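For reference, the structure is listed below as structure tokens.
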Amino acid sequence: MSFDDIVGTEGLSREEEATLRRVHELLVAAGPPPDLSPDLSLPPVPAEESDPPEVAFLLRRRRGRVAVLALAAALAAFVGGYAFGHSKGKPAAFTSIRMVAMHGAADAPAESHGVINIAEKDSVGNWPMLVEVSGLPEQAKQSSYYELWLTHNGKAVAPCGSFRVHGKTTRVRLSVPYALKNFDGWVVTTQGPDQNGLGPVVLTT
Amino acid sequence: MALSLPRMLPVSTTDGELIQRAAGGDRSAFELLYQRYARPVFGLALRRLGDRGRAEDAVQETFASIWRSAGTYKPDRGPGAPWLYAVARNAIVDRARNRTEIPADIPDEPSHDAGPAEQAEQGWVSWRVHRALEELNEREREVVSLAYWSGLSQSEVAEFLGIPLGTVKTRTRAALARLAEILGDEFE
């Protein structure tokens, strides 16, 4: 979209227009800031001051490294590691208050479909979601993924998280802070390094 | 998930001051740095690595490096943002080097992709702009995001937000003016 469409020049001095036009160009060049996954919603936890100057990645989902931390921190870490491992094996219960069905879009495989289970809004205003998709093809490239969006007037406007799929059915937990009543649907798009902007829609409500 | 603002630190605290506080073990300062820079670091990593999982790892490594090496920051050598950018770039480059890829065939024609210098310039611009967006208030950031990246026209943005079109235009201009202030040195 052009500067005239978004900002306009009416009532601006030449100097003001030049300044805003420069910011406009920088915004266009920078592109949208990426949405942070739940894994990045909180900073890594620095170790105690008395500990060596290193950072404990207590929030990381990557496998293996939690075990190293557990070894280093004796009993406390043993308990923490047990709790972590236990929670991984048995995810906390998810109580859905609303279910939204999704079906394959025109270009998607005929058998593809999905369900978005939405839980009660949490204390800080996020809607936890358990998204289950089936029949979507696995990503063609390592850097490709699917993205869930909320739509307004049929347009995907609010990113809700990204995920990859494996096998017939994939379940992922996502969380969004938006006022859901302001939107009218959901879509899933394919995204990848070759795509500039929104990818093709594969699932829709 | 929303972050709670670290207490006791005014939002006007500069990046350099936060780095110095973090060097002294101040976790609130470290958390505020994370709030300001998690998205720019992730954007930079995503641009360089092209893979969300690896980019997430790079974000973690970047902030681990910031925590470890905050004591090496010298405020008399410049503001905090370029120092943070250098730390992030190093962490991301290290991760990119570790990538095991099958060597590609030599292409028949020269690539039209941006070269290393252009990529670095582009990365720095995105870094500064994404960082500046974090400084806007929620209403300004919302209208900028919708206007530039949602695909909605300004009239549709007005309808979506339930406010008059004139208010959208005014708010957009105010947000861009604020960004111009924050990005001051980009205009020199």
Side-chain angles (χ1 to χ4, degrees), chain A residues 1 5-8 10-12 16 19-24 26-47 49 53-55 57 59-62 122 124-126 141-143 145 152-153 155-158 162 164 175 177 182-183 192-193 197-198, chain B residues 1-4 22 25 27 30-31 33-35 38-40 42-43 46 49-57 59-60 63-64 67-68 71 122 125-130 132-134 144-154 156 159-162 169 172-173 176-177 179-180 183 186-187:
Chain A
M1 203 179 288
D5 290 332
I6 296 177
V7 185
E10 190 181 332
L12 291 177
E16 287 170 332
T19 299
L20 298 188
R21 200 175 279 279
R22 175 71 180 132
V23 177
H24 169 86
L26 289 170
L27 284 167
V28 171
D35 55 311
L36 292 180
S37 68
D39 282 340
L40 294 178
S41 61
L42 292 171
V45 181
E49 281 79 358
E54 61 186 40
V55 173
F57 296 98
L59 297 166
R60 296 194 59 171
R61 61 173 181 175
R62 300 284 178 267
D122 68 17
V124 290
N126 297 304
K141 296 180 179 177
Q142 191 186 11
S143 51
Y145 56 96
H152 181 69
N153 289 340
K155 288 185 179 177
V157 291
S162 49
R164 289 168 63 82
S175 179
N182 290 340
F183 301 88
L198 202 67
Chain B
M1 190 182 296
L3 285 171
S4 59
R27 295 180 186 197
F30 180 67
E31 287 173 20
L33 274 176
Y34 188 85
Q35 283 188 347
R39 215 177 284 273
F42 188 48
L46 208 51
L49 300 171
D51 175 86
R52 290 184 70 86
R54 291 162 57 82
E56 286 172 6
D57 284 345
V59 173
Q60 298 276 3
F63 282 92
W67 178 255
R68 279 195 305 264
Q122 179 64 38
V125 168
S126 298
W127 172 275
R128 297 278 289 122
V129 171
H130 293 165
L133 285 167
E134 298 290 324
V144 168
S145 297
L146 289 169
Y148 281 88
W149 302 305
S150 71
L152 298 179
S153 69
Q154 289 294 69
E156 290 170 323
E159 186 192 341
F160 176 71
L161 294 176
K169 294 268 188 187
T172 305
R173 286 185 178 185
L176 264 61
L179 286 172
L183 293 165
E186 294 284 342
F187 292 83

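Quick note on labels: first sequence line is chain A, next is B, and so on, each numbered from 1. Just so you know, these numbers come straight off a predicted model, no measurement behind them.
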**Prompt:** So how far is it from B/Gln154 CD to A/Asp5 CG, rounded to the nearest 0.5 Å?
**Reply:** 8.5 Å
**Fill in**
Honestly, the part of B/Leu46 sitting under 4.5 Å from a heavy atom of chain A is side chain
**Message:** Please classify the contact between B/Ser145 and chain A as side chain, backbone, both or neither, with a heavy-atom cut-off of under 4.5 Å.
**Reply:** neither
**Asked** Checking B/His130 side chain against A/Gly31 main chain: does a donor-acceptor pair fall under 3.5 Å?
**Response** yes
**Message:** With heavy-atom distances below 4.5 Å as the criterion, would you say the side chains of A/Lys155 and B/Leu152 are in contact?
**Reply:** yes
**Prompt:** Measuring heavy-atom distances to chain B, does A/Ala156 have an atom under 4.5 Å in its side chain, in its backbone, in both, or in neither?
**Reply:** backbone
**Request:** Measure the spacing between CG of B/Leu176 and CG of A/Leu26 and express it to the nearest 0.5 Å.
**Result:** 9.5 Å
**Prompt:** Below 4.5 Å, heavy atoms only, C-beta onward: do B/Phe42 and A/Pro33 meet side chain to side chain?
**Reply:** no
**Fill in**
Output for pair (A/Leu20 CG, B/Thr172 OG1), nearest 0.5 Å, gives 10.5 Å
**Asked** Sequence neighbours excluded, which residues qualify as ring-ring contact (aromatic ring centres under 6.0 Å, His included) partners of A/Phe183?
**Response** A/Tyr178, B/Phe160
**Prompt:** Less than 4.0 Å between a side-chain N and a carboxylate O, is that true for A/Glu16 and B/Arg173?
**Reply:** no
**Item:** From A/Ile6 atom CD1 to B/Leu146 atom CG, the distance as rounded to the nearest 0.5 Å
**Value:** 11.0 Å
**Complete:** So NE2 of A/His152 and CG of B/Leu161: to nearest 0.5 Å the spacing works out to 8.5 Å
**Prompt:** How long is the gap from CG on A/Leu27 to CG on B/Leu133, to the nearest 0.5 Å?
**Reply:** 6.0 Å
